Amino acid sequence: MALRCLCRLQPVALHFRTATSLGPQRSALAVKSQEHSIAFISRHLATKKSKAKSKGQVQARVNLNAALVEDIINLEDVKQEMKSILENLKEDFTKNLSIRTSPGAFDHITVTTKDGKFPLNQLGQISLKSPQLFIINMASFPESATAAVNALRDSQMNLNPELDGTIIRVPVPQVTREHRENLTKLAKQLTNKAKDSLRKARTGAVQEVKKCKEGVSEDIVKLLEKQIQQMADDIATELDKQLATKTKELLA
């Protein structure tokens, strides 16, 4: 009877010794578990990829848990950096590609005064007197009227403002077809510049991953590179959409 009880207790004791010995190794086992999980995902994606190729379908997207790879690279930071490139392009379009049909066309103009830099629309009251003439009333800040005129001339909007006391008259040049076409060329240049910035962001992120190649499985590196490329492709698509929309607007 005692021998039978001892035989039953041996596996329990063995399990207890194993469990108590795992304390110092817990983090290592957790990392190993993560690598096994990612390896499984990699094999799964590879299978779906081969099936997609055979059926002519779109390849599966990678969507790694950012927390799982945060020791290698911060995917959220990469995502935000790429998104900021898109937002900067939108701002560039607003600043440089206006057809000047409303007072809001001057919102981006900054006036440099002795007290600092201020938006033009905070220093003067802007109104459209006629389709060919803007009026800017600088009565609230008359000392900044000359600086406002200089800012308008330097705005790359092809403006020739005239100062009369505290009133600035801004004739609106006729928007010719040639001018619109030149603006579309500028839109393409700005988009190409944004794409260059996007490529640099992607390359920087991939290089950061490769720096951690030692001690990281090849599957993890490949999956991260694929996800970074995927993120860059998504933003590139949005950049192209912005260009197409702006081009259509300018040539309308």
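If you're wondering where the values come from, they're calculated on a predicted model, not measured in any experiment. Residue numbers run from 1 in the order of the sequence given.
Pairs of residues two or more places apart, or lying in two chains, that qualify as side chain to side chain donor-acceptor pair (under 3.5 Å) and include a residue from residues 185-205 are Lys195-Asp240, Asp196-Arg199. Evaluation of the side chain to side chain donor-acceptor pair (under 3.5 Å) test over residues 107-122, restricted to residues two or more places apart or in two chains, returns Asp107-Asn121.
The hydrophobic cluster containing Ile135 also includes Leu133, Ile167, under a criterion of side-chain heavy atoms closer than 4.5 Å among ILVMFWY residues, counted directly or through chains of members.
Residues forming a side chain to side chain contact (heavy atoms under 4.5 Å, CB included) with Ala148 (at least two apart in sequence, or on another chain): Val111, Leu120, Met138, Ile168. Applying the salt bridge (charged side-chain N to carboxylate O under 4.0 Å, His left out) criterion to Asp233, with sequence neighbours excluded, gives no partner residue. Scored by the side chain to side chain donor-acceptor pair (under 3.5 Å) test, Glu70 finds no partners at all (sequence neighbours excluded). With sequence neighbours excluded, no residue forms a side chain to side chain donor-acceptor pair (under 3.5 Å) with Asn150. Scored by the salt bridge (charged side-chain N to carboxylate O under 4.0 Å, His left out) test, Glu181 finds Arg177 as partners (sequence neighbours excluded). Asp164 is linked by a side chain to side chain donor-acceptor pair (under 3.5 Å) to Arg169, counting only residues two or more places apart in sequence or in another chain. With sequence neighbours excluded, the residues that form a side chain to side chain donor-acceptor pair (under 3.5 Å) with Glu76 are Gln80. When the side chain to side chain contact (heavy atoms under 4.5 Å, CB included) test is applied to Asn96, the partners found at least two apart in sequence or on another chain are Asp92, Gln156, Leu186, Leu190. A search for side chain to side chain contact (heavy atoms under 4.5 Å, CB included) contacts involving Ala194 returns Ile85, Leu89, Leu239, not counting sequence neighbours.
By the neighbour-count criterion of 12 heavy atoms within 6.0 Å, atom CD of Gln229 is densely surrounded, having more than that number from other residues, nucleotides or ligands.
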Going through the distances and angles, do His179 and Thr176 end up as a side-chain contact (heavy atoms from CB on, under 4.5 Å)? CA-CA 5 Å; His179 180 61; Thr176 63; 3.5 Å; yes

Dump the intermediate steps for ring-ring contact (aromatic ring centres under 6.0 Å, His included) on Phe106 and Phe134, then the final yes or no. CA-CA 10 Å; Phe106 300 113; Phe134 281 101; 4.7 Å; yes

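Partner of Asp234 under the salt bridge (Lys or Arg N to Asp or Glu O under 4.0 Å) criterion, chosen from Lys79, Lys83, Arg61: Arg61.
Taking the side chain as every heavy atom from C-beta outward, Lys90 and Leu86 approach each other to under 4.5 Å.
Between the CG atom in Leu97 and the CG atom in Asn182 there is a gap of 11.5 Å [rounded to 0.5 Å].
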